[in-house]
Amino acid sequence: MVRADRVCKNFGALQVLKGITLEVKRGEVLCLIGPSGSGKSTFLRCINHLEQVNAGRLYVDGDLVGYREKNGKLYEMSPRDAARQRRDIGMVFQHFNLFPHRTALENIIEAPTRVKNLKRADAVARARELLDRVGLADKADAYPAQLSGGQQQRVAIARALAMDPKLMLFDEPTSALDPELVGEVLGVMRELAASGMTMVVVTHEMGFAREVADQLVFMDGGVVVEAGNPREMLANPRHDRTKAFLSRIL
Ligand code: ADP
Ligand code: MG
């Protein structure tokens, strides 16, 4: 579902991704960890067309991201083609990013009605199903400010799912939450993983990574330092940098 082959990204002279190679198979969950500034968000943003890679190749579901290839040469993709690719990818951010002047339900139906031209009644029915799935059936008419952080994040997950993505990206989805609210969001993500969704999750919730992830990837300084089975890697990190990082967060 995702294949990164020596992906590089720089901002001017600052090299942020220095050749990321990894693969996420359909139905797999990959957890990405690493110190602040190591390029985790940038990597997710490249997958989701919020940044353009400078070198290397990035594929989602077999399609090159952001470029089209012709006779071995790469050309920048048209905004329209990029938008079409992006539609299949859901992203959940640390700070929820819900529309503050819209109810939970309105937040969820916005993209399906505007981007997919779904009929309002159909979008509403689907939104109610999704709210039920994230445990918020009774909050359809609440505004974000009336919801806890955990509830807002669950609405944000429902909103992403409303587009029927084939891939979900999570960028530190529980980092802004009070500790007692983390579990409800991880619970929803756990169920989503169990339902077969392909997920790339930047998180420092090691319990979640251990139990849910198929792969754990440790990034530092724009490179993958170590990757593998989460249980093995957490029990037995091979690289000093991984050991040092894990000892700081565990
Ligand atoms: P992480 O998510 O691992 O904390 P980021 O991907 O957010 O790391 O950032 C990696 C590096 O890239 C940081 O040094 C950050 O300042 C830099 N960076 C991120 N986005 C931009 C940008 N749009 N312009 C310039 N520098 C950026
Ligand atoms: Mg980040």
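These figures come from a predicted structure and were not determined experimentally. Counting starts at 1 for both ligands and their atoms, in listed order. Because only heavy atoms are used, hydrogens play no part in the values below, and waters and symmetry mates are left out as well, while side chains stay in.
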Can Ser38 be said to touch ligand 1, with heavy atoms closer than 4.0 Å?
yes
Salt-bridged, [X] to [Y], with N to O below 4.0 Å?
X	Y	answer
Glu211	Arg190	yes
Arg45	Asp171	no
Arg68	Asp81	no
Arg57	Asp5	no
Glu28	Lys25	no

Can you report which non-hydrogen protein atom sits closest to [atom], along with the distance?
atom	value
atom 8 (O) of ligand 1	Gly39 N, 3.2 Å
atom 16 (O) of ligand 1	Leu14 CD2, 4.7 Å
atom 7 (O) of ligand 1	Ser41 CB, 3.7 Å
atom 3 (O) of ligand 1	Lys40 NZ, 2.8 Å
atom 12 (O) of ligand 1	Val16 CG2, 3.1 Å

Flag Phe11 as yes when one of its N or O atoms lies below 3.5 Å from any N or O atom of ligand 1, and as no otherwise.
no
Do Gly37 and ligand 1 have an N or O pair less than 3.5 Å apart?
yes
Which one holds for Thr42 and ligand 1: side chain close, backbone close, both close, or neither close, with close meaning a heavy atom under 4.0 Å?
both
The salt bridge (charged side-chain N to carboxylate O under 4.0 Å, His left out) partner of Asp61 among Arg26, Arg3, Arg87 is Arg26
Side chains of Ile108 and Val155: does their closest heavy-atom pair fall under 4.5 Å?
yes
Would you call Met199 and Phe170 a side-chain contact if the rule is heavy atoms closer than 4.5 Å?
yes
Please check if a non-hydrogen protein atom sits closer than 4.0 Å to atom 18 (N) of ligand 1.
yes
Has Gln94 got an N/O/S atom less than 2.8 Å from the Mg ion (ligand 2)?
no
Atoms of ligand 1, numbered as shown, that sit under 4.0 Å from any heavy atom of Pro35:
3 (O)
